[in-house]
Student: 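Structure provided below as structure tokens; questions to follow.
Quick caveat: nothing in here was measured; it's all calculated off a predicted structure. For the numbers below, each heavy atom of this structure counts, side chains included, while hydrogens, waters and symmetry mates do not. Ligands are counted one by one from 1 in listed order, and the atoms in each one are counted from 1 as well.
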Amino acid sequence: MIYRLTCSLIVALLCSPGSASGDGEDHELIGNMGAMQYFSHKLDLSIHHRNRELADFYAHEIEETLEETIEIDEYHGKPIGKLAEAMLVPAFERFEQALDDEGEWEAVERRFGELIDACNVCHQATGYDFINIQRSDENPYMQRFEPN
Ligand code: HEC
């Protein structure tokens, strides 16, 4: 049901006339997406190790990247800002709520999974379904994710 609602929302947004914007935004979007992936992976590792302080930190970084993405009117004719607001913001808010409700790591895990699903739904909606974000608990960073 929610999926269907989201789909009709996407169709409505894609069919609405987008506003013009310059090429300069292309780089901003790709930079934002790289940041989303980077912070999401580190957030996933923080959740995996039940590290609340670190999870809060990366959730905040994602929130800021999301706010910047919402500012992007258009990219290749797709209303990026509106799509991000319609799809990623609700999933992010549910995730943040779960994280705020201290203690319920299972809910945090579930909501984070839904957040990543929302990333992929938007990739599908914008014709980038070949960019498929997948959760990973492998740590390639020179960083410790366990709580101190
Ligand atoms: C508004 C729709 C939308 C949302 C929401 C969205 N993306 Fe994207 N994403 C795109 C588009 C469009 C591109 C292609 C950008 C380009 O061609 O410059 C992209 C590209 C990417 C890339 C390829 C760039 C790279 O560095 O490899 C990654 C990774 C990525 N997104 C991750 C994410 C993650 C993680 C999330 C969720 C936290 C997310 N995206 C949410 C639309 C979205």
Student: Any idea which atoms of ligand 1 are less than 4.0 Å away from a heavy-atom of G34?
Tutor: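 The atoms of ligand 1 under 4.0 Å from a heavy atom of G34 are 26 (O).
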Student: Whether R110 engages the ring of W105 as a cation-pi pair (distance to the six-membered ring centre under 6.0 angstrom, angle to the ring normal within 45°) should be assessed.
Tutor: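 Checked: cation-pi criterion not met.
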Student: Out of K82, Q37, E28, whose heavy atom is nearest to atom 27 (O) of ligand 1?
Tutor: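 Looking at heavy atoms only, Q37 sits closest to atom 27 (O) of ligand 1.
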Student: Please check if any side-chain donor atom of Q143 sits under 3.5 Å from a side-chain acceptor atom of N139, or the reverse.
Tutor: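 No - no donor-acceptor pair under 3.5 Å links their side chains.
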Student: For atom 23 (C) of ligand 1, which candidate among L66, I131, I72 provides the closest heavy atom?
Tutor: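 Of the listed residues, I131 has the closest heavy atom.
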Student: Using the side chain to side chain contact (heavy atoms under 4.5 Å, CB included) criterion, which residues pair with H41? Sequence neighbours excluded.
Tutor: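 If we apply the side chain to side chain contact (heavy atoms under 4.5 Å, CB included) test to H41, skipping adjacent residues, the hits are L45, S136, P140, Y141.
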Student: Return the set of residues passing salt bridge (charged side-chain N to carboxylate O under 4.0 Å, His left out) with E114 (not counting sequence neighbours), or none when no residue passes.
Tutor: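 Counting only residues at least two positions away or on another chain, E114 forms a salt bridge (charged side-chain N to carboxylate O under 4.0 Å, His left out) with R111.
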Student: For the NE2 atom of H49 and the CG atom of D137, what is their distance to the nearest 0.5 Å?
Tutor: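 Output value for this atom pair is 7.5 Å.
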Student: Under 6.0 Å from the CD atom of E64, do we count more than 12 heavy atoms belonging to anything else shown?
Tutor: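 More than 12 within 6.0 Å, yes.
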Student: Would you mind listing which atoms of ligand 1 come within a distance below 4.0 Å of any non-hydrogen atom of L83?
Tutor: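 So the atoms of ligand 1 that pass are 1 (C).
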Student: Tell me, please: is H123 in heavy-atom contact with ligand 1, that is, under 4.0 Å?
Tutor: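 Within the 4.0 Å threshold, so yes.
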Student: Considering M33, M36, K78 one by one, which has a heavy atom nearer to atom 40 (N) of ligand 1 than any of the others?
Tutor: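 Checking each option, the heavy atom nearest atom 40 (N) of ligand 1 is found in M33.
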Student: Below 4.0 Å, non-hydrogen atoms only: which portion of C119 touches ligand 1? Side chain, backbone, both or neither.
Tutor: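 Both of them.
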Student: Can you tell me how far apart CG (L43) and OH (Y38) are? Round to the nearest 0.5 Å.
Tutor: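 Atom-to-atom, L43:CG and Y38:OH are 13.0 Å apart.
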Student: Would you mind running through ligand 1 and noting each atom that sits below 4.0 Å from a heavy atom of I30?
Tutor: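 Near I30, meaning under 4.0 Å from one of its heavy atoms, ligand 1 has 16 (C), 18 (O), 24 (C).
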Student: Out of Y38, F95, Y75, Y128, who is nearest to atom 11 (C) of ligand 1 when you count heavy atoms only?
Tutor: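 Nearest option to atom 11 (C) of ligand 1, by heavy atoms: Y128.
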